Amino acid sequence: MKKDMTSTWREYIVTHPGILRGKPRIKGTRIPAALILGYFAAGWTIEKILEEFLDLKKEQISACLDYGQELQRFEIIQ
């Protein structure tokens, strides 16, 4: 049975006030989730990101995408 996205990304994306000023990062690293999302916005593929960050796994990169997708659901209406 496949887990929903919320529980999946929470296994890989964490925050801690003493690391990167509490910005969401990939667990076990100092790589901000926003950095990975920025690479996707620039047109990078998962494979290219994995070549750049040899210690990361595909699941961690996918978790950043799931995290970003969940963030966009919170729409501010003015």
Side-chain angles (χ1 to χ4, degrees):
M1 181 174 169
K2 186 178 178 187
K3 296 179 183 180
D4 67 23
M5 286 187 308
T6 302
S7 64
T8 301
W9 74 256
R10 290 184 188 277
E11 293 175 22
Y12 298 99
I13 308 297
V14 297
T15 62
H16 185 279
I19 302 173
L20 297 178
R21 296 188 212 155
K23 293 181 180 180
R25 63 184 171 83
I26 297 173
K27 186 177 184 177
T29 76
R30 295 182 62 84
I31 301 170
L35 178 67
I36 301 302
L37 292 172
Y39 282 130
F40 277 113
W44 286 37
T45 64
I46 288 178
E47 291 75 22
K48 187 171 180 180
I49 294 170
L50 290 172
E51 288 175 12
E52 183 73 18
F53 297 94
L54 299 176
D55 293 336
L56 292 184
K57 296 182 172 92
K58 188 174 182 177
E59 295 80 13
Q60 292 168 306
I61 304 298
S62 294
C64 289
L65 286 174
D66 292 344
Y67 169 74
Q69 184 177 12
E70 186 161 315
L71 282 180
Q72 66 83 29
R73 291 184 188 157
F74 295 101
E75 204 174 308
I76 297 173
I77 301 173
Q78 298 180 0

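Quick note: residue numbers are just sequence positions, from 1. Please read these numbers as outputs of a predicted model, since none were measured by experiment.
Here the NZ-CD1 distance, from Lys23 to Ile31, works out to 14.5 Å after rounding to the nearest 0.5 Å. The CD atom of Gln69 lies 12.0 Å from the CH2 atom of Trp9; values are rounded to the nearest 0.5 Å. The distance from the CD atom of Glu47 to the NZ atom of Lys58 is 6.0 Å, given to the nearest 0.5 Å.
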Worked verdict on Ile26 versus Gln60 for side-chain contact (heavy atoms from CB on, under 4.5 Å)
CA-CA 7 Å; Ile26 297 173; Gln60 292 168 306; 3.4 Å; yes
Apply the test side-chain contact (heavy atoms from CB on, under 4.5 Å) to residues Glu52 and Trp44: give CA-CA distance (whole Å), side-chain angles for both, the deciding distance (0.1 Å), then the verdict.
CA-CA 10 Å; Glu52 183 73 18; Trp44 286 37; 3.9 Å; yes
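Hydrophobic clustering of Ile, Leu, Val, Met, Phe, Trp and Tyr side chains at less than 4.5 Å, counting indirect connections, unites Leu65 with Leu71.
Contact annotation: the side chain of Glu70 approaches that of Arg10 to within less than 4.5 Å [non-hydrogen atoms, C-beta and beyond]. Between Ile36 and Leu56, some side-chain heavy-atom pair lies under the 4.5 Å cut-off. Looking at heavy atoms from C-beta onward, Phe40 lies in side-chain contact with Ile49 at the 4.5 angstrom threshold. Counting only heavy atoms from C-beta outward, the side chains of Arg25 and Val14 approach each other to under 4.5 Å.
Grouping Ile, Leu, Val, Met, Phe, Trp and Tyr residues whose side-chain heavy atoms lie under 4.5 Å apart, directly or via other members, places Ile19 in a hydrophobic cluster with Leu20.
In plain terms, the two heavy atoms of Cys64 and Leu37 that are nearest each other are O-CD2, 3.3 Å. Taking each heavy atom of Ile13 and Ala63 in turn, the nearest pair found is CG1-O, 4.1 Å.
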